[in-house]
Amino acid sequence: MDKLIVNLSEYIRNAYYSMPVFTNADDRVVSGAYGALFKIINSARNENAELIEIVFPADMSDNSSTNNNALADQTVLLTDSIREAIGEAVTDMESGFSFSVNDNVLNALSDKLAALSPTGQVKAAPSFNLSMRSTSDLGEVDELFRKASDCGPGDKNNYVAFYILTDTVNKDDTKYKEILGMSVCFNENEAIYIPVENFITADYLGKKLSELSNSVSLVTFDIKESYRVFTPFEVSDRDYGYSCKGEHTEDYKSKPRCFDDLIAAYLVNPNKNDYEVSDVAKEYLGLSLEKKIDLFGKKSIREADDKSVVQYACKCAFVCFKAEPLICKKLEKLQMLDLFYNIEMPLSYVLYSMEKEGIIARRDELKAYGDKLQIRISELEKSIYEAAGVEFNINSPKQLGEILFERLGLPAEKKTKSGYSTAADVLEKLAPDYPIVADILEYRGLAKLKSTYADGLAAYIEEDGRIHTSFNQTITATGRISSTEPNLQNIPMRTELGRLIRKVFVPKEDHVFADADYSQIELRILAHMSEDQELIAAYHEGKDIHGITASKVFHVPFEEVTPLQRRNAKAVNFGIVYGISSFGLSQDLSISVKEAKEYMDKYFETYPGVKAYQERVIADAKEKGYSLTMFGRRRPIPELKASNYMMRQFGERVAMNAPIQGTAADIMKIAMINVYFRLKKEKLVSKLILQIHDELVIETLKDEEEKVTALLTQEMERAADLSVPLLAECHSGTDWYEAK
DNA sequence: ATGGTCACG
DNA sequence: ACGTACGTGACCATC
């Protein structure tokens, strides 16, 4: 029997990337599904297939599918179409399905193909019809900016797109970004590249941009990087305050504003990581643009030939120019303009400012800390080698597994794909009985502190004695920001030894740290969004929410709650926020799944509104295909439509968690903007320098300490209006350890 | 490049 | 019978 095996993901990817993007009458992109279905029908006919087997290979059934939401959406669309066409005649399999082929089926599929035809718009033909050139002539550049400034409100093209071309340079062990030039585009016929050379410095271009921003909206890609060159008028002129209440969608074009295509594209689809200009070009314009890496490779752009540099930069500005109205319209349709213009865009400047400020890290202290660790690490190494009877690489999970579970014959729990699991939770069970395991655990902990923190952080201390992290605004699926090179959002806290690292982070002279964190912001958001009266009442009752929960769940007076009951209640509270599963809870508490389930049942009896809320958000997300935060941030959840059970379960947990984690992120962002602009407006010199999800750190001038701590706490607490109090606690200290 | 491990909220 | 808490990033070994 002839069987046609269809790798659906591959079919769709090939189709999507090999033809112009087009939409159906509902404005939904259908080109990927159309192309793939066309090929399936053709192949089935040509090969006289009697059976078609649709498979979703690995990249469909793991999280990477969410990396490209456009493709995931095509997959959903096509899967639905096929299932509808073949009706009940489906045999479900582990990661796909199959069906037998006959003329009726082929005809039904052909009908579906017709339904996917481009009844809507075929997007712009894939070519750059664009005059691209460069100029280094000062007079010509001045004239260019003068012309650009004519694009004022009322003009048809009332905005100017620019793109700043940078190159990462490695010099003396330090990486930095060099500005090579800037391209400008304000009509669809031409783009001009201005290299940084001679009289035309990056500063000069920045001044021109600042001036321009006074009268004209500017569009770019990755505006946070552009702030290194210029400060837009809207930032210097910004009125203090973002009101989270009664905000209505205004005419965002009535005054000049900056627009970042990257941030906008991220808001439309936060599941995709590594957005590049080329992705925006493809998704919104149907244009093929080379990726930076493909065009210039790993070597410096300086060494590339001039023509391709000019063309690349010009095309980027052109893409920014052409994509803006489309992404903006999309945001409007999704009711995300408020989130975009009032939260994300101003936030990008706050993040830039925090990166620029950085934080002092004392190199000598870090070195001393590392040396102290090394002494103990060496002792442990020796002791481990002795117990093992052989020297080996303790850092290698492979070697370690072989030593422990084969050579020494310890009872193994096989877990990972490639061999024995040596993860902490496995080793902890063995540690009481085997001294070598206890030593390994201690070694692991110390080695982590040494490599990632003691040595790792030292490498990032710059000439000003400070570490300047990158805060990334367009990475996470939930709306949180992330921190890289180095990550300052995972500095040790939970163990005392690790926590001591925080002593190397100190404020500059005459300053202290003010450090404020939200008290259980996610659980409070759950109370608000679920409208569970018991949970809301619990928060009005008092501070110890875990104790109160324990009291209610276990039916004992609050005063008689045992530490164990409180600990269990706390774990359930956390679990609820994550989108609980009885298995997950049982793992966390080291109890049986049955007991975990009992806890959950009791919890839901106590807080019935929470259960109803979770069911509601799941049903909602299933129907709409995405989840929503209080401030309108969306997270598409294609996993909810997956054929694989595990994937669907994951989708449900995401549907429960994303609105809560995402709303917390929204609220923190509002607080950051208001803290930043209020510091500025009140002419305080203290500077916001770190954000760790529910915590803000301000490097505070001692004379301003009282004002700043009050301001910080106040702005955090009033960033949102919930039906429970929103509390922030602030501490001061002469280092980060002390301020926490 | 990928997987295992572990640091944080 | 499956194999599981949500969201990140860095380092190391191994392929």
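Protein chains get the first letters and strands the later ones, always in sequence-line order, with residue 1 at the start of each.
Contact annotation for Asp588(A): base contact, defined as any heavy-atom pair under 4.0 Å involving a base atom. Within 4.0 Å of Ser581(A), counting heavy atoms only, lies at least one base atom of the nucleic acid. Residue Gln587(A) is out of contact with every strand shown, counting any heavy-atom pair closer than 4.0 Å. Residue-level contact check: Gly575(A) touches the bases, meaning some heavy atom is under 4.0 Å from a base atom. Nucleic acid contact for Ala477(A): sugar-phosphate only, since backbone atoms but no base atoms lie under 4.0 Å from a heavy atom of the residue. If you check every strand for non-hydrogen atoms under 4.0 Å, Ala655(A) touches nothing. Residue-level contact check: Ile660(A) touches neither bases nor backbone, having no heavy atom under 4.0 Å from any strand. Residue Asp517(A) is classed as having no contact, given no heavy-atom separation below 4.0 Å to the nucleic acid.
For the pair Asp455(A) CG and dC11(C) P, the computed distance is 10 Å after rounding to whole Å. What separates CD1 of Ile467(A) from C1' of dA10(C) is a distance of 14 Å, to the nearest Å. For the pair Asp274(A) CG and dA1(B) C1', the computed distance is 14 Å after rounding to whole Å. Straight-line distance from the CD1 atom of Ile501(A) to the C1' atom of dA10(C): 13 Å, rounded to whole Å. Between the CG atom of Asn271(A) and the C1' atom of dG7(C) there is a distance of 12 Å, given to the nearest Å. Put simply, CG on Leu488(A) is 12 Å from C1' on dA10(C), counting in whole angstrom units. Rounded to whole Å, the distance from CZ on Phe471(A) to C1' on dG9(C) is 13 Å. Regarding Arg633(A), its CZ atom lies at a distance of 15 Å from the P atom of dG7(C), rounded to whole Å.
On the P atoms, dA7(B) is 31 Å away from dC2(C), given to the nearest whole Å. Comparing the P positions of dC6(B) and dA1(C) gives an interatomic distance of 31 Å, to the nearest angstrom. Taking the C1' atom of each, dT2(B) and dA5(C) are spaced 24 Å apart, rounded to whole Å.
Glu652(A) and Gln614(A) share no side-chain donor-acceptor pair at under 3.5 Å.
Note on Arg653(A): every side-chain N or O is 4.0 Å or more away from OP1 and OP2 of dA5(C). Listed pair Ser396(A) / dT14(C) meets the phosphate criterion, a side-chain N or O lying under 4.0 Å from OP1 or OP2. For Ser482(A), a side-chain nitrogen or oxygen approaches OP1 or OP2 of dG9(C) to under 4.0 Å.
When the options Leu726(A), Leu727(A), Leu696(A) are evaluated for a side chain to side chain contact (heavy atoms under 4.5 Å, CB included) with Met716(A), the one that passes is Leu696(A).
Formation of a donor-acceptor pair under 3.5 Å by the Ser421(A) side chain with backbone atoms of Ala423(A) is found in this model. Remark: the backbone N or O of Ser643(A) is paired with a side-chain donor or acceptor of Arg648(A) at under 3.5 angstrom. At distances below 3.5 Å, not a single donor-acceptor pair connects side-chain atoms of Arg634(A) with backbone N or O atoms of Leu628(A).
Counting non-hydrogen atoms of other residues, nucleotides and ligands closer than 6.0 Å to NZ of Lys503(A) gives a total above 12.
By the 30° and 60° cut-offs, the orientation of the rings of Phe392(A) relative to Tyr385(A) is perpendicular.
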Could you write out DNA chain C as a dot-bracket string, with dots for unpaired bases, | for bases paired across to another strand, and Watson-Crick or G-U pairs counted at under 3.5 Å? .....|||||||||.
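Taking all atoms of both residues into account, the shortest heavy-atom contact from Met354(A) to Leu688(A) is CG-O, 3.4 Å.
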I need a per-nucleotide contact map over nucleotides 4-9 of chain B, read 5' to 3'. Cutoff is protein heavy atoms under 4.0 Å; write B for the base, S for backbone only, - otherwise. SSBBBB
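Set against dT8(C), dC11(C), dG3(C), the side chain of Tyr645(A) has dG3(C) as its closest nucleotide. The side chain of Thr452(A) approaches dA10(C) more closely than any other nucleotide in the set dA10(C), dA5(C), dG7(C).
Between Tyr603(A) and Tyr599(A), the distance from one ring center to the other does not fall under 6.0 angstrom.
With rounding to the nearest 0.5 angstrom, the CG atom of Leu339(A) is 5.0 Å from the CZ atom of Arg633(A).
Every residue meeting the side chain to side chain donor-acceptor pair (under 3.5 Å) condition with Thr474(A), not counting sequence neighbours, appears here in chain and number order: Asn472(A).
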